[in-house]
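The structure under discussion appears below in the form of structure tokens.
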Amino acid sequence: MEKTLIFGHKNPDTDTICSALAYADLKTQLGENVEAVRLGAVSGETQFALDTFKAEAPRLVETVAGEAKTVILVDHNERQQSVSDIDQVRVTEVIDHHRIANFETSGPLYYRAEPVGCTATILNKLYKENGKTVPQNIAGLMVSAIISDTLLLKSPTCTEQDVAAARELAEIAGVNLESYGLDMLKAGADLSDKTIEQLISLDAKEFQMGSHKVEIAQVNAVDTNDILARQDELEAALNAIIEKKGLDLFLFVVTDILNNDSIGLALGSSAKAVEEAYNVTLADNKAVLKGVVSRKSQIVPVLTDILSK
């Protein structure tokens, strides 16, 4: 039986890494030959989860066609967010909770997409549907993914299904949901040792919005000033990326995990779209985005509507 690789999007976040590991575990329990891999560096938040539950990070890969004919995508589907040679392999499954865009296959596949806050919430259902038990350490990784994607169940993307799954998985993992969750988020928000390039790429995704090419990066912080004090350096790096990739907009979002607001730093020829989207005025290229914490539900759909006019 040939091996199938399981991976999430580039610049992987905690859901991407932990869901790849969890689905690989379930598939292995079902007798399939799979391996979880990753398409980028492991963040501090994700490493905290991996260390807590004594799990190894998936192997880093640059391409996949040289070692597998089939792949499974978790936590993404858009081509520009996936591995560079995705067109050279067959996608057999997708487990995701995002919009569907720039995605097509030549053959049929299993596609599971649900409007929940986290891919791990869907995977929790798949364990049950297949009559398999979630191991303690995998439960820990899955609850970590939910905490991350829903900002400890406070994001507008969070559903009752996410809440129920998080509580159930925390119990299996043997952790206190609130205290562990806050510790993990704080670990991810400690960016003092990150270079400007690392800050920009920690959690960045590209999107096609109408005829506009957009990149949105998001970082969490306890104090947003720790990040924005480096604005001049950030802008220089962002402008370089805009020129290199031909972007119309780069929106760098710094989210305050304690107050659940964000500050957006917008650069590019379409930066005015941010003003229209949130009824704000960019001052020094940035604006406070009150109550905005979710790229998936509060940023991408709004900007897509405006830039697709």
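As the structure is a computational prediction, the values presented were derived from the model and not from experiment.
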Once you round to the nearest 0.5 Å, how far does [atom1] of [X] lie from [atom2] of [Y]?
X: Ile216; Y: Leu249; atom1: CD1; atom2: CG; result: 7.0 Å
X: Met142; Y: Cys18; atom1: CE; atom2: SG; result: 10.0 Å
X: Asp149; Y: Thr121; atom1: CG; atom2: OG1; result: 8.5 Å
X: Leu5; Y: Lys69; atom1: CG; atom2: NZ; result: 13.5 Å
X: Gln136; Y: Ile172; atom1: CD; atom2: CD1; result: 9.0 Å
X: Leu21; Y: Arg38; atom1: CG; atom2: CZ; result: 10.5 Å

Original post:
Does the side chain of Phe207 reach to within under 4.5 Å of the side chain of Lys213, using non-hydrogen atoms?
Top reply: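 The answer is no, as the side chains (C-beta and beyond) never meet within the 4.5 Å cut-off.
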Original post:
Under a 4.5 Å cut-off applied to non-hydrogen side-chain atoms, are Leu185 and Ile147 in contact?
Top reply: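 Of all side-chain heavy-atom pairs linking Ile147 with Leu185, at least one is under 4.5 Å.
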Between the side chains of [Y] and [X], is the shortest nitrogen-to-carboxylate-oxygen separation below 4.0 Å, so that they form an ion pair?
X: Arg112; Y: Glu93; result: no
X: Lys3; Y: Glu67; result: no
X: Arg295; Y: Asp203; result: yes
X: Lys245; Y: Glu206; result: yes
X: Glu215; Y: Lys205; result: no
X: Glu35; Y: Lys27; result: no
X: Glu168; Y: Lys128; result: yes
X: Asp261; Y: Lys290; result: yes

A quick test of your reading: do over 12 heavy atoms of other residues, nucleotides or ligands sit less than 6.0 Å from [atom1] of [X]?
X: Asn279; atom1: CG; result: no
X: Lys186; atom1: NZ; result: no
X: Glu171; atom1: CD; result: no
X: Glu129; atom1: CD; result: yes

Original post:
Of all heavy-atom pairs between Ala41 and Pro12, which one has the smallest distance, and what is that distance?
Top reply: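 Answer, listing the atom of Ala41 first, then Pro12: O-CG, 3.5 Å.
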**OP:** Taking all non-hydrogen atoms of both residues into account, name the closest pair between Leu153 and Asp162 and its distance.
**Re:**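 Residues Leu153 and Asp162, closest heavy atoms: CD2-O, 4.4 Å.
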Original post:
Which of these, Gln81, Gln80, Arg79, Gln208, sits in a side chain to side chain donor-acceptor pair (under 3.5 Å) with Asn102?
Top reply: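 Per the side chain to side chain donor-acceptor pair (under 3.5 Å) rule, the option paired with Asn102 is Gln80, out of Gln81, Gln80, Arg79, Gln208.
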Original post:
Which word best sums up how the rings of Phe103 and Tyr111 line up, parallel for under 30°, tilted for 30 to 60°, or perpendicular for over 60°?
Top reply: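 Correct class here is perpendicular.
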Subject >> Side chains of Ser148 and Glu45, donor plus acceptor under 3.5 Å >> reply: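 Ser148 vs Glu45: donor-acceptor pair found between side chains.
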Original post:
Any luck finding a side-chain donor-acceptor pair between Gln29 and Asp25 under 3.5 Å?
Top reply: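 Yes, because at least one side-chain N or O of Gln29 sits under 3.5 Å from a partner of the opposite role on Asp25.
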Subject >> Check: Asp75 side chain, Asp15 main-chain N or O, donor-acceptor pair, under 3.5 Å >> reply: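 Here the side-chain-to-backbone pair does not exist.
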Subject >> Worked verdict on Phe53 versus Tyr180 for ring pair (Phe, Tyr, Trp, His ring centres under 6.0 Å) >> reply: CA-CA 12 Å; Phe53 298 105; Tyr180 168 71; 5.5 Å; yes
[X]-[Y] co-clustered via ILVMFWY side chain contacts under 4.5 Å:
X: Val89; Y: Leu73; value: yes
X: Tyr110; Y: Ile100; value: no
X: Val302; Y: Val293; value: no

**OP:** Give me the other members of the hydrophobic cluster that Leu202 sits in, counting Ile, Leu, Val, Met, Phe, Trp and Tyr linked by side-chain heavy atoms under 4.5 Å, directly or via other members.
**Re:**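 The other cluster members (ILVMFWY side chains, heavy atoms under 4.5 Å, direct or chained) are Leu191, Ile196, Leu199, Ile200, Val219, Ile227, Leu228, Leu234, Leu238, Ile241, Ile242, Leu247, Phe250, Phe252, Val254, Ile263, Leu265, Leu267, Val288.
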